[in-house]
Structure formats: C-alpha cells, structure tokens
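Read the structure below first, then the notes.
None of these values were measured; they are calculated from a predicted model. Here is the naming used below: chain letters follow the sequence lines, and residue numbers restart at 1 for every chain.
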Number of protein chains: 2
Amino acid sequence: MKQTARFFKSLADETRLRILALLLAEEKLCVCDLMAALELPQSTVSRHLAQLKNAGWVDDRREGVWVYYSLATSDIPSRGELQTLLARYLATEPVAIADRERLAGFGQGNRCA
Amino acid sequence: MKQTARFFKSLADETRLRILALLLAEEKLCVCDLMAALELPQSTVSRHLAQLKNAGWVDDRREGVWVYYSLATSDIPSRGELQTLLARYLATEPVAIADRERLAGFGQGNRCA
DNA sequence: TGACTCCATCCGCTTATCCGGATATATTTT
DNA sequence: AAAATATATCCGGATAAGCGGATGGAGTCA
C-alpha cells in the first residue's frame with residue numbers, strides 16, 4: 001500500500017509530469033536535453049529523474065558521456081494503461097507543448113551541444 | 001498541468017488510498033464508519049475526505065446527522081478508467097483487506113452507533 | 001596525466017504536508 | 001433552549017519534499 005502511494009507520489013509533481021510528457025513524445029533524452037527543454041538547473045532535473053527511475057517510470061542507459069533516459073517498458077499491464085491515460089492527460093497541456101517546442105528548437109539531431 | 005499534479009497528489013497518501021479502497025467496495029460510508037474501519041481519529045479522516053472531495057474523487061451528501069461519502073461519478077472518461085486501475089492496484093492490498101473486514105466487523109446494517 | 005564535459009549527490013534553506021487534540025458548526029432529540 | 005452526536009475546521013509542531021549552488025565521480029579526448 002505504501003508502495004502504491006509512493007507510485008502515485010512520483011506523478012504528483014509538475015516537473016516530473018513535464019519530463020514524462022517529453023519522454024512520451026521523444027523516446028530517449030539525456031539530462032542536458034531536458035535541462036534545455038525545461039529551463040531548469042541540472043541538479044533539479046537529475047533529482048527528478050532519479051525519483052522517476054526509483055518509481056519504475058524510466059530506465060537510464062549510459063552512452064559515452066551522456067546518460068539517456070527513456071520510458072520504462074513495464075511488464076505490469078496496468079502501468080501501460082496508466083501511461084496511456086497519462087498521455088491523454090498531458091496531450092493538451094500548454095506547458096508540455098511549450099517544452100516540446102523548446103526541445104525541437106535547438107535543431108534536429110544536434111542536441112547535447 | 002499543476003492541476004494534473006494535484007490530481008495525482010490526492011492519490012499519493014496511504015490513508016486516502018485506504019478510503020478510496022473502502023468506497024470502491026462499499027458504495028457509501030459516513031465519517032464514523034471510516035474512523036472505525038481505519039482506526040484513525042476523526043479530524044484525520046475528515047481532513048483526508050476533504051482533500052479527496054476537493055480533487056473530485058468523492059461526493060458528500062448529508063443525511064440527517066451524518067454525512068455520507070461516495071465515489072464521484074465522473075463524466076471524465078479517463079477518471080473512470082483510472083478508478084478501474086486503482087481498484088486493481090488495491091484489490092490485493094493486505095491493509096485494504098483488513099480495513100474491509102474491520103468495517104464488516106461491527107455488524108450488518110447497524111453502523112454509525 | 002590533465003583538461004573538459006556530463007551527470008549524481010551533498011548541503012543548507014524554504015515550503016508543503018501530515019498529524020491529532022481542541023474548538024466550532026450543524027442537526028436531531030428532549 | 002439545552003444536551004447530545006456527527007462532522008468540519010483551527011492550531012502548533014513534526015516530518016517530508018522541493019530547490020539550486022557546490023562538490024565530486026565517471027567518461028572522453030588530447
């Protein structure tokens with residue numbers, strides 16, 4: 001039960017929702033991508049990513065210098081359904097849309113400096 | 001977006017999840033029923049009910065001296081889907097099961113003293 | 001090895017949340 | 001109107017969460 005509460009708590013923060021919204025759209029992103037899209041300092045982004053990872057929402061994978069985060073492919077069926085719901089919740093959110101546009105803003109393919 | 005975060009925040013507490021689990025099973029319950037089932041003081045139960053109401057999860061209806069709470073019948077489709085998911089999450093929770101048994105414990109029909 | 005970049009974690013601080021006893025309000029009963 | 005019951009809200013204190021600069025580890029390239 002506590003775990004279920006923790007699970008929902010991981011969604012109870014605007015920054016984390018914005019990150020999930022971006023990952024629902026982008027497949028994989030590194031921390032510096034997210035910093036730029038969210039316009040938030042690195043420590044803040046990193047901390048929220050750690051929480052999402054801890055809650056089982058994202059996986060991380062190091063590729064050279066950078067660490068890419070992506071939505072976890074859960075074997076829990078209801079988790080996938082919740083992702084669908086979440087995507088619907090977030091689809092029309094102005095903040096999330098602005099984040100995506102900012103992400104697209106710095107050119108296709110030449111992210112991460 | 002903030003509202004979406006608030007919505008999930010309302011599920012990010014074990015007591016509120018226990019209340020929802022009881023209401024998923026019982027149709028309607030008054031505060032004193034919940035106090036007995038959860039074994040929590042009245043102010044605590046009442047406060048959490050207010051938050052659930054504020055988040056749109058429950059409706060309240062006064063009948064004489066007591067106020068009955070029940071799951072809100074939402075016109076938002078995804079809300080209903082989330083309830084289904086929630087019910088599945090909570091179905092096997094030992095704490096929730098114990099709550100239900102405690103509720104059934106004080107006799108059928110003669111609740112609320 | 002040294003310099004550089006990306007990222008995770010530490011730190012002190014501020015703000016939010018939860019708790020439960022105490023108090024206030026509403027309704028019924030006498 | 002007074003007493004009794006059920007519920008909502010207030011209050012002070014404790015705990016948790018969020019923030020962002022600073023520090024340090026890990027990887028890359030020279």
Side-chain angles (χ1 to χ4, degrees), chain A residues 1-3 5-20 22-23 28-55 57-70 95 106 110-113, chain B residues 1-20 22-23 28-55 57-70 95 103 106 110-113:
Chain A
M1 180 71 101
K2 267 188 167 37
Q3 187 183 336
R6 252 196 305 273
F7 169 72
F8 283 114
K9 194 167 299 191
S10 69
L11 301 178
D13 177 273
E14 186 173 13
T15 301
R16 290 195 289 277
L17 288 177
R18 289 170 70 191
I19 291 174
L20 287 178
L22 286 170
L23 289 176
K28 74 173 187 179
L29 292 169
C30 62
V31 178
C32 53
D33 287 335
L34 290 166
M35 285 172 59
L38 303 172
E39 293 181 318
L40 287 173
Q42 182 262 325
S43 67
T44 297
V45 174
S46 211
R47 178 166 29 82
H48 285 296
L49 283 169
Q51 290 179 252
L52 287 173
K53 179 183 171 186
N54 190 267
W57 272 104
V58 301
D59 291 331
D60 60 340
R61 187 164 44 96
R62 179 171 279 270
E63 282 184 24
V65 194
W66 325 238
V67 177
Y68 283 102
Y69 283 87
S70 53
V95 179
F106 33 81
N110 60 344
R111 288 185 201 135
C112 291
Chain B
M1 179 71 101
K2 268 189 165 38
Q3 186 184 336
T4 307
R6 253 197 304 274
F7 169 74
F8 284 115
K9 195 168 299 191
S10 68
L11 301 178
D13 177 274
E14 186 174 13
T15 301
R16 290 195 288 277
L17 288 178
R18 289 170 71 192
I19 291 174
L20 287 178
L22 286 170
L23 289 176
K28 74 173 187 179
L29 292 168
C30 63
V31 179
C32 53
D33 287 335
L34 290 166
M35 286 172 59
L38 303 172
E39 292 180 318
L40 286 173
Q42 182 262 323
S43 68
T44 297
V45 173
S46 211
R47 178 165 29 82
H48 284 297
L49 284 168
Q51 290 180 251
L52 287 172
K53 179 183 171 186
N54 190 266
W57 272 104
V58 301
D59 290 331
D60 61 339
R61 187 164 45 96
R62 166 150 259 167
E63 282 183 24
V65 192
W66 42 94
V67 177
Y68 282 102
Y69 283 86
S70 54
V95 179
L103 186 66
F106 33 82
N110 60 342
R111 288 186 200 133
C112 291

Is Val65(B) touching bases, backbone alone, or none of the nucleic acid, heavy atoms closer than 4.0 Å? base
Could you check whether any side-chain heavy atom of Thr15(B) comes within less than 4.5 Å of a side-chain heavy atom of Val45(B), counting everything from C-beta outward? no
Report which part of the nucleic acid Val67(A) touches: base, sugar-phosphate, or nothing (heavy-atom distance under 4.0 Å, all strands). sugar-phosphate
Rounded to whole Å, please give me the gap between CZ in Arg62(A) and C1' in dC6(C). 7 Å
Tyr69(A) side-chain N/O to dA8(C) phosphate OP1/OP2 under 4.0 Å: yes
Tell me: CD of Glu14(B) to P of dA16(D), nearest whole Å? 14 Å
Starting at atom OH of Tyr68(A), determine the distance to atom P of dA26(D), rounded to an integer number of angstrom. 21 Å
For a 4.5 angstrom cut-off between non-hydrogen side-chain atoms, does Leu40(A) reach His48(A)? no
Check the distance between dC6(C)'s C1' and Leu29(A)'s CG and give it to me in whole angstrom. 15 Å
Please list each protein N or O that sits under 3.5 Å from an N or O in nucleotides 15-21 of chain C, with the distance.
residue, atom, partner, partner atom, Å
dT17(C), OP1, Lys9(B), NZ, 3.3
dC18(C), OP1, Arg16(B), NH1, 3.4
dC18(C), OP1, Arg16(B), NH2, 2.9
dC18(C), OP2, Gln51(B), NE2, 3.3
dC19(C), OP2, Arg47(B), NH1, 3.4
dC19(C), OP2, His48(B), NE2, 2.6
dG20(C), OP2, Thr44(B), OG1, 3.0
dG20(C), N7, Ser43(B), OG, 3.2
dG20(C), N7, Arg47(B), NH2, 3.3
dG21(C), N7, Ser43(B), OG, 3.4
dG21(C), O6, Ser43(B), OG, 3.3

Please state whether the rings of Trp66(A) and Tyr68(A) are parallel, tilted or perpendicular, taking 30° and 60° as the class boundaries. parallel
Keeping the roles fixed (side chain from Arg16(A), backbone from Ala5(B)), state whether a donor-acceptor pair exists under 3.5 Å. no
Starting at CG of Asp60(B) and ending at C1' of dT9(D), how long is that distance when rounded to a whole Å? 15 Å
Ignoring hydrogens, what is the shortest heavy-atom contact between Val95(B) and Arg18(B)? Give both atom names and the distance. CG1-NE, 3.4 Å
So do Leu22(B) and Asp33(B) actually touch side chain to side chain, heavy atoms under 4.5 Å? no
Gap between atoms CE and P, on Met35(A) and dA8(C) respectively (whole Å): 11 Å
Does any part of the side chain of Leu34(A), heavy atoms only, come nearer than 4.5 Å to the side chain of Leu49(A), both counted from C-beta? yes
Gap between atoms CG and P, on Asn54(A) and dA8(C) respectively (whole Å): 14 Å
Taking CD from Glu63(B) and P from dT7(D), how many angstroms apart are they, rounded to a whole number? 11 Å
Let's test your reading of the model: under 3.5 Å, does the base of dA6(D) pair with the side chain of Gln42(B) as donor and acceptor? no
